[in-house]
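One structure below.
Atoms considered below: every heavy atom in the structure, side chains included; atoms not considered: hydrogens, waters and symmetry mates.
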Amino acid sequence: MALIPSQVLRVAILLSYFSILCHYKALDMPAHQTYGGSWKFLTFIDLVIQAVFFGLCVLIDVSCLLTKGGDSREQERQMRKLIGLRDWMMAVLAFPVGAFVVFTFWTLYLYDRELVYPRLLDNFIPQWLNHGMHTTVLPFIIIEMRTTNHRYPSRSWGLAAVCCFGVGYILWTCWVHQVTGVWVYPVLERITPLARVVFFSAMTAVICVFYTLGEILNSYIWDQPHTVKVKGE
């Protein structure tokens with residue numbers, strides 16, 4: 001039962017996320033000791049999402065290998081549930097949140113890094129870890145999209161779910177500010193309350209755009225007549 005390349009890739013990506021999360025949690029950063037800890041940051045939340053998603057992908061791969069040749073209806077039903085959960089996570093969380101983190105981080109970083117990633121952080125976070133958190137997320141998720149056909153929910157339900165995630169994180173950010181008096185990201189300290197409302201609204205719109213782009217990209221890849229579906233779909 002030799003593993004196919006796509007399965008090996010998923011295991012390697014999952015291990016890389018475990019390594020990144022372990023190194024990130026080991027950092028002795030003051031922000032990790034305050035209210036909310038690492039969970040204040042969308043980057044950390046995204047890393048957890050990606051790790052859980054690829055963990056689920058690996059679980060499905062292993063289950064397919066172990067049950068190969070079986071004809072149990074219960075096993076087939078459970079497998080369909082796992083695949084449905086994997087596809088939902090890909091559509092609503094893994095791709096849009098991952099793409100959003102990469103896009104917004106590097107856009108703000110190139111404009112003025114002090115707005116999102118102050119130079120002080122260079123004393124705590126090595127460059128390779130920074131890229132692991134903010135760069136490789138997107139190519140990893142595109143690799144997964146290219147190797148496996150993910151079924152998207154209806155656009156209205158998908159966008160509703162993405163909006164719920166975005167609004168939930170905004171409310172969490174506001175609550176952290178309410179408790180600590182400090183905004184999670186420096187950019188929020190420098191703008192007026194009205195500008196924050198506009199900023200939050202724009203970011204919610206952007207993550208919805210990334211959901212739509214993910215759906216379009218997935219359809220483009222898998223609607224090609226020469227594409228062969230991966231085992232386990």
Side-chain angles (χ1 to χ4, degrees), residues 1-25 38-39 41-70 72-102 132-154 157-162 164-166 168-169 207 210-211 213-215 217-219 221-222 227-233:
M1 293 195 302
L3 294 175
I4 63 175
S6 61
Q7 294 170 316
V8 174
L9 280 173
R10 292 186 191 107
V11 171
I13 292 172
L14 177 62
L15 292 176
S16 74
Y17 277 123
F18 281 158
S19 176
I20 291 169
L21 283 168
C22 288
H23 280 87
Y24 181 78
K25 292 298 292 183
S38 303
W39 294 97
F41 304 106
L42 186 58
T43 292
F44 179 77
I45 294 173
D46 178 50
L47 289 175
V48 174
I49 288 173
Q50 302 298 331
V52 171
F53 170 72
F54 278 99
L56 182 59
C57 291
V58 171
L59 175 62
I60 291 172
D61 287 340
V62 172
S63 298
C64 286
L65 290 172
L66 293 178
T67 60
K68 185 177 181 180
S72 170
R73 291 187 177 181
E74 179 61 23
Q75 288 179 345
E76 184 179 348
R77 187 174 67 86
Q78 294 300 326
M79 186 63 66
R80 282 201 300 267
K81 286 184 177 181
L82 287 176
I83 292 174
L85 177 59
R86 180 203 64 189
D87 292 349
W88 184 89
M89 282 197 68
M90 174 66 160
V92 173
L93 295 175
F95 185 89
V97 177
F100 177 85
V101 166
V102 173
M133 297 187 299
H134 298 118
T135 304
T136 59
V137 172
L138 188 54
F140 282 168
I141 203 66
I142 290 177
I143 288 172
E144 169 60 22
M145 181 177 284
R146 182 62 186 85
T147 58
T148 306
N149 183 8
H150 298 274
R151 295 176 177 83
Y152 271 60
S154 67
W157 280 106
L159 288 174
V162 170
C164 286
F165 174 85
Y169 180 71
I207 199 170
F210 280 121
Y211 171 86
L213 288 176
E215 182 184 30
L217 181 59
N218 186 75
S219 296
I221 291 172
W222 290 97
T227 302
V228 179
K229 296 181 71 174
V230 175
K231 177 71 175 178
E233 290 301 304

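When all heavy atoms are compared, the tightest approach of Ser6 to Thr147 is CB-CB, 4.0 Å. Counting all heavy atoms, side chain and backbone alike, Val101 lies closest to Met133 at CG1-O, 4.3 Å. What you find for Leu47 and Gly132 is that their closest heavy atoms are CD2-O, 4.2 Å. Of all heavy-atom pairs between Gly158 and Pro153, the closest is CA-CG, 4.1 Å. Between Ala51 and Leu21 the shortest heavy-atom distance is CB-CD1, 3.9 Å.
Here the CE-CZ distance, from Met89 to Phe95, works out to 15.0 Å after rounding to the nearest 0.5 Å. Once rounded to the nearest 0.5 Å, the distance linking CE of Met145 with NE2 of His150 reads 7.0 Å. Here Ile20 contributes atom CD1 and Gln50 contributes atom CD; the two are 10.0 Å apart, rounded to the nearest 0.5 Å. A distance of 11.0 Å separates OG1 in Thr136 from CD1 in Ile141, rounded to the nearest 0.5 Å. Interatomic distance, CG of Leu217 versus CD1 of Ile221, reported as 4.0 Å (0.5 Å rounding). Within the model, atoms CD1 of Ile83 and CE of Met90 stand 14.5 Å from one another, a figure rounded to the nearest 0.5 Å.
Legend: residues meeting ring-ring contact (aromatic ring centres under 6.0 Å, His included) with Tyr24, ordered by chain and number and at least two apart, are His32, Phe44. For Ser16, the side-chain hydrogen bond (donor to acceptor under 3.5 Å, both in side chains) criterion is met by no residue, not counting sequence neighbours. Residues that satisfy the ring-ring contact (aromatic ring centres under 6.0 Å, His included) test with Phe140, not counting sequence neighbours, are Tyr17.
The shortest side-chain heavy-atom distance between Asn149 and Asn218 falls under the 4.5 Å cut-off. In this structure the side chain of Cys64 reaches within 4.5 angstrom of the side chain of Ile60, judged on heavy atoms. Ile49 has its side chain within reach of Phe165: a pair of non-hydrogen atoms, C-beta onward, lies under 4.5 Å apart. When side chains are defined from C-beta on, Ile45 counts as touching Tyr169, because their heavy atoms get closer than 4.5 Å. Looking at Glu144 and Ile13, their side chains never come closer than 4.5 Å, going by heavy atoms from C-beta outward. Two residues are said to be in side-chain contact when any heavy atoms from C-beta on lie closer than 4.5 Å; Phe210 and Val162 fail this criterion.
If you run ring pair (Phe, Tyr, Trp, His ring centres under 6.0 Å) between Tyr152 and each of Trp88, Trp157, Tyr211, only Tyr211 comes through. When Val8, Leu15, Leu14 are each tested for a side-chain contact (heavy atoms from CB on, under 4.5 Å) with Val11, only one passes: Leu15.
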request  = Walk me through it: do Arg86 and Thr148 pass the test side chain to side chain donor-acceptor pair (under 3.5 Å)?
outcome  = CA-CA 11 Å; Arg86 180 203 64 189; Thr148 306; 5.0 Å; no

